[in-house]
Every structure is written in structure tokens, then in C-alpha cells.
Amino acid sequence: MKWLHKDLLDVSQLSKAEVMAIFETAGRFQELQERPVKKVPTLKGRSVVLFFAEPSTRTKTSFDVAGKRLSADTFSLAKSSSSLTKGESLKDTALTLQAMAPDAIVIRHWCSGAARFMADRLECSVINAGDGRHAHPTQALLDSFTLHQEWGDLNGKTILILGDIAHSRVARSNVILLNMLGAKVRLCGPRTLLPPALKTWPVEVYSDLDEAVRGVDAVMCLRLQLERQKDGLLPDLREYARTYGLGMKHVELANPDVRIMHPGPLNRGVEISSELADTANSLILDQVASGVVVRMALLFLYMTRKGEE
């Protein structure tokens, strides 16, 4: 299929057929991971700017690895080393980068809508690596790809997203994509960490974790985003861990072979027990591996604008 999109701002832009095309392309790149030389000349001579105004380990590194394995030139720009610290506006930063003629810009920014702001002003492709509380499309795609590799089909599966829903761009993008792929989505978390407009979301909402986890096929734990929270939303971390921390006892209430996921970074003993994070049920490291091939697929599709071999 021909790839017609210029930018990836959220998964809501994509059709189910386009998501499956991304998965198929990522699946082809998986074979590359097993080669002694993990590199192909697919994007040789093209350039990608990694513009991360917020800290990142997994997303930034996997985009960097993905670009290099496709032979693209990658250039990193962080807030601390950019002119944003000197008062430069996002618009002027965008125009400056545009003048350098990159083929794609991957952006993470603390402000919701920053990726769209950039995309509206740039001729090159813009890929959203997380903007405020709004969206994190590449994380949702790699999460679903990981489950797709496990099950082959997400239709009819029940997936629980657990934790700090209100501040999570990962949760928002995953709810959209999982529903698109036919999964049933549950949410669970403290009432203070649930968004106010949940009635419009295609989800079931639980406040009791023991009830929420019954019969689910996968649990996605979320990081407590303390940097985005206001004081008073949680009494203390010990109480949160006692009430909403995922542990081995919850696995016994879920479906057999329940899969455990977390976008990282993990707060062991708070959002998830250390024992559970390291069990055979855990797909946490599989998610990291999926992140590389999914982002390779996205760079390929958006930088060549076609999905043909």
C-alpha cells in the first residue's frame, strides 16, 4: 500500500489497515535484529532530528537505533542543549530546524499540541514521541505490536490499563488503538488519578484492583507521573503501592498466561512488584525490543512515503 501520511501525531489518524501495514513492516525488520550486522542501506543519505525537550531513555534511544539501522543520519537535540533555554520560541526552533533540511523530526515536548504545531509549519515529516498529556502514538503501536506478536489477533481480548490514567498520554493512545484492534479495555486507578471525562471513553472503569484484574488477558501498568501531578492527589506512595500496585496475587485472578506490560521506567515496589516484573509473564523487555522495529517501520514509511517493497 502507498503511505499517504506526512506526519504521525496520534493513532487516531490511522486506519486499522494502516496499523496492520506498520505491524507487517515491523515484522520484516525483526529478522534484521538477528543478523550479525544489523544494518541496511534503506534510508542512506536521509537525516532524522531527535528533538527531545523532555527526558527520555527508551523512546529516544530506540529512535536513534532505528534510524542508524536503516543507515539514516540521526542528530539529537535536547532542551538543555538548545536555544529554548535562552528563550527561543518553539516556532523559531522549528524554522531553524527546517532550514537544515531534515527528512524527519521526532519530537517530545511537555506541551500538548507541540507536535501538531511543528507539523503545521514544517515540510518534513513530524513524528510525535509524546506531547504533554495528549498522545504517545509510537508507544501505543509498539504495545499493540508486542501483543500482536504474542496472540496474532487482539480481537476479543481484555486488557487492563492500571495506574495514573489522568496524566498519561500512553493510556490515551492505547485506549484508541486497542479499541480499533477489537480489544476490550478496562481502566483502574485512584479516583484522583482518573480523567473527569471518562464517560465518553470506550472503556470499563474500576476502582478495585482485585475486581478489575479478574479475567483479563493483559495488564498495562503505568508510571506514576509525579512531575505532572499536583500535591494532594495521593496520600503517599506506600498506600498507592498497597492498593494499586500489581503483584503476584493479582496474576492468580487474571486469565491463565496473563501478560504483564509497562512502558517504563519502572518504579519497582510501587506500580509493580519486582518479582512480577521479572517473571515469564512479563513482556516489558519485549516492548523495548518491539520499540526498535516499530520505529524502524515508522521511519521507513514516513520518510519514503510509500509502503511498497
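When reading the values below, keep in mind they use all heavy atoms of this one structure, side chains included, and skip hydrogens, waters and symmetry mates.
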Could R259 and E150 be called an ion pair, given the rule that one side-chain N must be under 4.0 Å from one carboxylate O?
yes
Other residues, nucleotides and ligands only: do more than 12 of their heavy atoms fall within 6.0 Å of NZ on K38?
yes
Taking atom types as modelled, find out whether Q287 and R58 have a side-chain donor-acceptor pair closer than 3.5 angstrom.
no
Working to the nearest 0.5 Å, report the span between CG of L14 and NE2 of H5.
5.5 Å
State whether the number of non-hydrogen atoms from other residues, nucleotides or ligands found under 6.0 Å of E275 atom CD is greater than 12.
no
Determine, for E18 against K2, whether the closest basic-nitrogen to carboxylate-oxygen distance falls under 4.0 angstrom.
no
Could you check whether E31 pairs with R28 (Lys NZ or Arg NE/NH1/NH2 to Asp/Glu carboxylate O, under 4.0 Å)?
no
Is it true that, when you exclude K6 itself, more than 12 heavy atoms of the residues, nucleotides or ligands shown sit nearer than 6.0 Å to its NZ?
yes
So, E271 side chain and N267 main chain: donor-acceptor pair closer than 3.5 Å or not?
yes
Validation row: V292, F29 side chains within 4.5 angstrom (heavy atoms):
no
S207 side chain to R191 side chain, donor-acceptor N/O pair below 3.5 angstrom:
no
Close side-chain approach of M180 to L154, heavy-atom, < 4.5 Å
no
Is any side-chain heavy atom of S112 closer than 4.5 Å to a side-chain heavy atom of R169?
no
May I ask you to test the I161-V185 pair for a side-chain heavy-atom distance under 4.5 Å?
yes
N-O pairing of R268 and D278 below 4.0 Å
yes
Going from CE on M20 to CG on L181, what distance comes out if it is rounded to the nearest 0.5 angstrom?
7.0 Å
I159 backbone acceptor or donor facing D217 side chain under 3.5 Å:
no
Can you measure from OG (S144) to CG (L178) and round to the nearest 0.5 angstrom?
4.5 Å
Just so I know, are the side chains of Y302 and V126 near enough to count as touching, which here means a heavy-atom distance under 4.5 Å?
no
Could you go through the side-chain hydrogen bond (donor to acceptor under 3.5 Å, both in side chains) check for R172 and H136 one step at a time?
CA-CA 8 Å; R172 285 167 170 78; H136 197 342; over 6 Å; no
Any ion pair linking D64 and K68 (charged N to carboxylate O, less than 4.0 Å)?
yes
From I105 atom CD1 to F51 atom CZ, the distance as rounded to the nearest 0.5 Å
8.5 Å
Within the 4.5 Å heavy-atom criterion, are V175 and L187 side-chain neighbours or not?
yes
Please check if the side chain of T279 supplies one atom and the backbone of L276 the other of a donor-acceptor pair under 3.5 Å.
yes
Atom CZ of residue position R238 - does it have more than 12 heavy atoms of other residues, nucleotides or ligands inside 6.0 Å?
no
Are any of the side-chain heavy atoms of I284 and M261 separated by less than 4.5 Å?
no
Is there side-chain contact between F117 and D131, with at least one heavy-atom pair below 4.5 Å?
no
Hey, what do you get for CD (E54) to NZ (K60), rounding to the nearest 0.5 Å?
12.5 Å
Which of L162, V213, I260, L160 passes side chain to side chain contact (heavy atoms under 4.5 Å, CB included) with H250? Answer is V213
Are L285 and L141 connected, step by step, through hydrophobic side chains (Ile, Leu, Val, Met, Phe, Trp, Tyr) whose heavy atoms are closer than 4.5 Å?
no
